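The block underneath contains the structure these notes are about, expressed in structure tokens.
As the structure is a prediction and not an experimental result, all values here were calculated from the model.
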Amino acid sequence: MTMLLGAALLLTACGPQIGDLERGEEGRVVRVYNGDTLELDSGLRVFLAEIDAPQGEAAYAAQAQGELEALALHREVLLTYGGTKRWVGRPREGEDTPREAAIAHVFVKSEGGRWFWLQHELVSRGGAYVRPRHNNHARADDLMQIEAQARSAERGMWGRREYRAASVASAVRAALAANANCLRGDAPYRLVEGVVSEARVFDRRASLTMQGAPAETPFALVVFGENFANWSGPQLNTLTGARVRARGSLGIYRGEPQLCLEHASQLEVLAE
């Protein structure tokens with residue numbers, strides 16, 4: 001018992017265990033905007049890297065914000081970075097300077113002095129889902145494992161029908177209803193499960209056509225450009241007949257619905 005107590009005190013004294021993440025700013029959380037965005041006492045707004053949470057009028061949005069408030073509001077935090085550090089938006093009307101926010105992994109100091117990784121806690125409670133991006137995916141593998149456990153236990157948002165993995169037919173309907181480009185920030189983001197009917201790989205892109213879509217609106221998982229050039233996941237040309245789970249933004253291209261993949265962690269090959 002004495003040894004265990006000593007180890008716990010040593011861990012606390014060492015501070016947050018950030019691994020290979022880059023240490024950044026420190027501060028106190030003074031505001032929570034939704035389930036994945038907060039503000040420090042310095043005025044710096046922070047987007048939580050590699051995760052997203054339901055927002056606005058979406059199901060479970062209020063609960064997701066409540067989870068973040070309970071974990072972080074009025075507490076000391078450390079920002080750490082594993083990818084692109086800043087988001088810069090256009091100035092609003094009447095403003096001269098662009099809007100800016102940090103994109104960070106956040107470590108929170110609890111009332112007892114213990115540091116914990118905020119993304120881990122939110123995902124494990126079902127308060128947020130994993131959203132790796134091409135320029136921010138340092139902890140995607142860890143977070144995906146945590147999310148899988150939360151989904152299996154139907155914790156938080158995963159107990160709601162709206163957040164279960166969609167069928168291909170449902171994804172087609174959502175993409176057509178949104179009628180967006182998958183590269184736009186407001187394109188709907190979905191988890192989709194299904195079987196690849198045909199995998200095609202070209203010089204600068206790949207297209208995995210999925211079973212279950214209407215004949216007049218075929219649906220494909222696509223990866224292109226730099227995301228294709230940097231692909232580090234399963235060999236895409238071998239996936240014909242594979243059952244997969246994909247997560248990404250839904251869009252329409254030349255009249256056909258699609259889900260765009262940015263990084264290999266967004267595509268899981270499922271056991272039969």
query: Does a side-chain N-to-carboxylate-O contact under 4.0 Å join Glu25 and Arg86?
result: yes
Pairwise distance CD(Gln17) to CH2(Trp115) - rounded to 0.5 angstrom: 11.5 Å
query: Between Tyr33 and Arg45, is any side-chain donor less than 3.5 angstrom from a side-chain acceptor?
result: yes
message: Taking the basic N atoms (NZ, or NE/NH1/NH2) and the acidic carboxylate oxygens, is any pair closer than 4.0 Å for Glu50 and Arg139?
response: no
task: Spell out, yes or no, whether Val108 and Val32 are grouped together once hydrophobic residues are joined by side-chain heavy atoms under 4.5 Å, including indirect joins.
output: yes
- request: Please name the pair of heavy atoms, one in Val46 and one in Ala104, separated by the smallest distance, quoted to 0.1 Å.
  value: CG1-CB, 4.2 Å
task: Scan side-chain atoms only and decide if Gln63 and Glu67 contain a donor-acceptor pair under the 3.5 Å cut-off.
output: no
message: Could you tell me if the side chain of Leu48 sits less than 4.5 Å from the side chain of Leu38, heavy atoms only?
response: yes
- prompt: With no hydrogens and no angle check, is any side-chain donor or acceptor of Thr238 less than 3.5 Å from a backbone partner on Gln235?
  reply: yes
query: Rounded to the nearest 0.5 Å, how far apart are SG of Cys182 and CG of Leu250?
result: 9.0 Å
- prompt: Looking at Ser124 and Arg155, what are the two nearest heavy atoms and their distance?
  reply: O-NE, 2.7 Å
field: Polar side-chain atom of Gln119 near backbone of Val106 as donor-acceptor pair, under 3.5 Å
entry: yes
- prompt: Is Arg131 salt-bridged to Glu147, going by a charged N under 4.0 Å from an acidic O?
  reply: no
- prompt: Would you say Ser197 and Val195 make side-chain contact, with heavy atoms under 4.5 Å?
  reply: no
query: Heavy-atom distance under 4.5 Å between the side chains of Gln65 and Pro54, does that happen here?
result: no
task: Report the C-alpha separation of Gln258 and Ile252 in whole Å, then their side-chain angles, then the decisive distance to 0.1 Å, and conclude whether the side-chain contact (heavy atoms from CB on, under 4.5 Å) test is met.
output: CA-CA 6 Å; Gln258 59 184 12; Ile252 301 291; over 6 Å; no
field: Residue Arg204 excluded, over 12 heavy atoms near CZ under 6.0 Å
entry: no
message: For a side-chain contact (heavy atoms from CB on, under 4.5 Å) check, start with the C-alpha distance between Leu40 and Val29, then their side-chain angles and the critical distance, and finish with the verdict.
response: CA-CA 4 Å; Leu40 303 186; Val29 177; 4.1 Å; yes
message: Quick check on Asp141: does its CG atom have over 12 non-hydrogen neighbours (other residues, nucleotides or ligands) under 6.0 Å away?
response: no
message: With ring pair (Phe, Tyr, Trp, His ring centres under 6.0 Å) as the rule and sequence neighbours excluded, what pairs involving residues 202-221 come up?
response: none
- line: Of all heavy-atom pairs linking Leu236 and Ala206, the shortest is CD1-CB, 3.6 Å
Test item: Arg200 side-chain N/O and Leu208 main-chain N/O as donor-acceptor pair under 3.5 Å: no
- prompt: Does a side-chain N-to-carboxylate-O contact under 4.0 Å join Glu26 and Arg23?
  reply: yes
- request: Return yes if some donor-acceptor pair links the side-chain N/O of Thr80 with the main-chain N/O of His105 below 3.5 Å, else return no.
  value: yes
message: For residues Leu221 and Val172: do they belong to one hydrophobic cluster (side chain heavy atoms under 4.5 Å, members Ile, Leu, Val, Met, Phe, Trp, Tyr)?
response: yes
query: Has the side chain of Thr37 got a donor or acceptor atom that lies under 3.5 Å from a matching backbone atom of Phe47?
result: no
field: Euclidean distance, Asp142 CG relative to Ser265 OG, rounded to 0.5 Å
entry: 11.5 Å
Contact summary for Ser207 and Ala220, nearest pair of heavy atoms: OG-CB, 3.5 Å
- request: Output yes when a side-chain donor or acceptor of Gln55 lies under 3.5 Å from a complementary backbone atom of Gly35, and no otherwise.
  value: no
- request: Please lay out, stage by stage, how Arg164 and Glu154 fare under the test side-chain contact (heavy atoms from CB on, under 4.5 Å).
  value: CA-CA 9 Å; Arg164 294 170 189 163; Glu154 295 188 350; 4.3 Å; yes
message: Could you measure the distance from the CE atom of Met210 to the OG atom of Ser167? Nearest 0.5 Å is fine.
response: 10.5 Å
task: State yes or no: do Val222 and Val196 share one hydrophobic cluster built from I, L, V, M, F, W and Y residues joined by side-chain heavy-atom distances below 4.5 Å, directly or via other members?
output: no
field: For the student: nearest non-hydrogen atoms of Ala175 and Gly251, plus distance
entry: CB-O, 3.9 Å
- prompt: Can Arg31 and Asp41 be counted as an ion pair, charged N to O under 4.0 angstrom?
  reply: no
Test ring-ring contact (aromatic ring centres under 6.0 Å, His included) applied to Tyr163 - qualifying residues, sequence neighbours left out: none
message: Asp186: which residues meet the salt bridge (Lys or Arg N to Asp or Glu O under 4.0 Å) condition with it, sequence neighbours left out?
response: Arg184
task: Identify, with sequence neighbours excluded, every residue that meets salt bridge (Lys or Arg N to Asp or Glu O under 4.0 Å) alongside Glu198.
output: none
message: Grouping I, L, V, M, F, W and Y whenever their side-chain heavy atoms are under 4.5 Å apart, do Leu122 and Phe116 come out in a common cluster?
response: yes
- request: Of all the heavy-atom pairs spanning Leu68 and Asn34, show the shortest one and how long it is.
  value: CD2-O, 3.2 Å
field: Where at least one partner belongs to residues 118-156, residue pairs that pass ring pair (Phe, Tyr, Trp, His ring centres under 6.0 Å), sequence neighbours excluded
entry: Tyr129-Tyr189, His137-His263
query: Any donor-acceptor pair under 3.5 Å linking the side chain of Asn230 with the backbone of Glu226?
result: yes
- line: The reported gap from CD in Glu193 to OG in Ser170 (rounded to nearest 0.5 angstrom) is 12.0 Å
Spacing of Phe224 atom CZ and Trp231 atom CH2 [to the nearest 0.5 Å]: 12.5 Å
Check: Arg28 side chain, His74 main-chain N or O, donor-acceptor pair, under 3.5 Å: yes
field: Enclosure of Glu216 CD (heavy-atom neighbours >12, cutoff 6.0 Å)
entry: yes
message: Test your reading of the model: is there a side-chain donor-acceptor pair from Gln266 to the backbone of Glu262, 3.5 Å cut-off?
response: yes
- prompt: What do the steps show when you test Leu79 against Leu44 for side-chain contact (heavy atoms from CB on, under 4.5 Å), and what is the final call?
  reply: CA-CA 11 Å; Leu79 306 190; Leu44 178 63; 3.8 Å; yes
query: Can Leu261 be reached from Leu239 by stepping across I, L, V, M, F, W or Y side chains whose heavy atoms are under 4.5 Å apart?
result: yes
- prompt: Would a distance-only check, ignoring hydrogens and angles, find a side-chain to backbone donor-acceptor pair under 3.5 Å from Arg75 to Leu71?
  reply: yes
query: Glu162: what forms a salt bridge (Lys or Arg N to Asp or Glu O under 4.0 Å) with it, not counting sequence neighbours?
result: Arg160
